[in-house]
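A short write-up of the structure that comes next.
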Amino acid sequence: MPSLTKSHTPAQASASASDTADTLNTLIETCADGAYGFAVCADYSNSSRHRTLFRQRAQACEETGAQLRTMVLRLGGQPTQGGTAIGALHRGWVAVRGTLSGLRDQSILAECERGEAAALEHYQRALAQDLPADVRTLVQRQADGVQYNLAQIRLLREAESAAA
């Protein structure tokens, strides 16, 4: 009688690990983009409170990227280095927009909000995939952090808008 359970050949198991590593590498790029983007925003911000927040967020992005790199190595993959081309364009836009708008924190917060919304989309796409339980737990925890950051930045931007 044929078995009703799924069995994976070694090639299938490694393809699954490879797919998971690719997904995590996309998130590593997202973290690198976030770390650099928040650091740039800290450089342009006029508010010491915002600069502190942006530097903390940049550090947190670096830490989450390191966690993801560790997981990719555990899966037998090669972690990617650096961010994405789109992230580089966004960072350039943050710098240009900050310069054109007189370095107003409201504009900088709007760009941070846009960046965090994009990061959350990347995490949601990753969570829509079939991930091993330990990977899913890590990715979900990080996605929850991105969602919290997005809400925090949105509140700051709204407060800046109300004050303007």
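By convention here, the first residue in the shown sequence is residue 1.
With Arg57 as the fixed residue, the side chain to side chain contact (heavy atoms under 4.5 Å, CB included) test singles out one of Asn149, Thr52, Val146: Asn149.
No side-chain donor-acceptor contact under 3.5 Å links Ser45 to the backbone of Cys41. In this structure, Arg51 contributes its side chain and Tyr44 its backbone to no donor-acceptor pair below 3.5 Å. Between the side chain of Asp105 and the main chain of His50, no donor-acceptor pair closer than 3.5 Å is present.
Interatomic distance, CG of Leu156 versus CZ of Arg49, reported as 5.5 Å (0.5 Å rounding). Atoms CD and CG, from Glu113 and Leu120 in turn, are 11.5 Å apart once rounded to the nearest 0.5 Å. In this structure, CD in Gln129 is found 3.5 Å from OG1 in Thr23, a value given to the nearest 0.5 Å. We find the OG1-OH distance between Thr64 and Tyr123 to be 4.5 Å, quoted to the nearest 0.5 Å.
Taking every heavy atom of both residues into account, Arg136 and Leu127 meet most closely at NH1-O, 2.8 Å. When all heavy atoms of Ala35 and Ala58 are compared, the closest pair comes out as O-CB, 3.4 Å. Among all heavy-atom pairs drawn from Gly34 and Cys61, the shortest one is C-SG, 3.8 Å. Nearest heavy atoms, Leu150 versus Ala117: CD1-N, 3.9 Å. Here the closest heavy-atom approach between residue Pro79 and residue Arg69 is recorded as CB-CG, 3.5 Å.
Annotation: side chain of Asn25 is not in contact with side chain of Gln78 (no heavy-atom distance under 4.5 Å). Cys31 places a side-chain heavy atom less than 4.5 Å from the side chain of Leu68. Counting heavy atoms from C-beta on, the side chains of Phe54 and Ile108 come closer than 4.5 Å. A 4.5 Å side-chain heavy-atom check between Val139 and Leu24 finds at least one atom pair inside the cut-off. At least one side-chain heavy atom of Gln152 sits under 4.5 Å from a side-chain heavy atom of Leu53. Residues Phe38 and Ile153 are in side-chain contact: their nearest non-hydrogen atoms beyond the backbone lie under 4.5 Å apart.
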Checklist entry - Can you check side-chain hydrogen bond (donor to acceptor under 3.5 Å, both in side chains) on Gln59 and Glu63, steps first, answer last? => result CA-CA 6 Å; Gln59 180 63 37; Glu63 291 168 5; 3.2 Å; yes
Next on the checklist: Let's go through Gln140 and Asp144 carefully: what are the C-alpha distance in whole Å and the side-chain angles of both, what is the deciding distance for side-chain hydrogen bond (donor to acceptor under 3.5 Å, both in side chains) to 0.1 Å, and is it a yes or a no?
Outcome noted: CA-CA 6 Å; Gln140 183 65 61; Asp144 292 345; 2.8 Å; yes
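In this structure, Arg114 pairs ionically with Glu111, as a charged nitrogen and a carboxylate oxygen lie closer than 4.0 Å.
By the side-chain contact (heavy atoms from CB on, under 4.5 Å) test, Thr70 pairs with no residue at all, sequence neighbours left out. Evaluation of the side chain to side chain donor-acceptor pair (under 3.5 Å) rule for Arg125 yields no partner, not counting sequence neighbours.
Hydrophobic cluster membership differs between Leu138 and Leu73, with clusters built from Ile, Leu, Val, Met, Phe, Trp and Tyr side chains linked at under 4.5 angstrom.
Donor-acceptor pairing under 3.5 Å is recorded for the side chains of Gln106 and Ser161.
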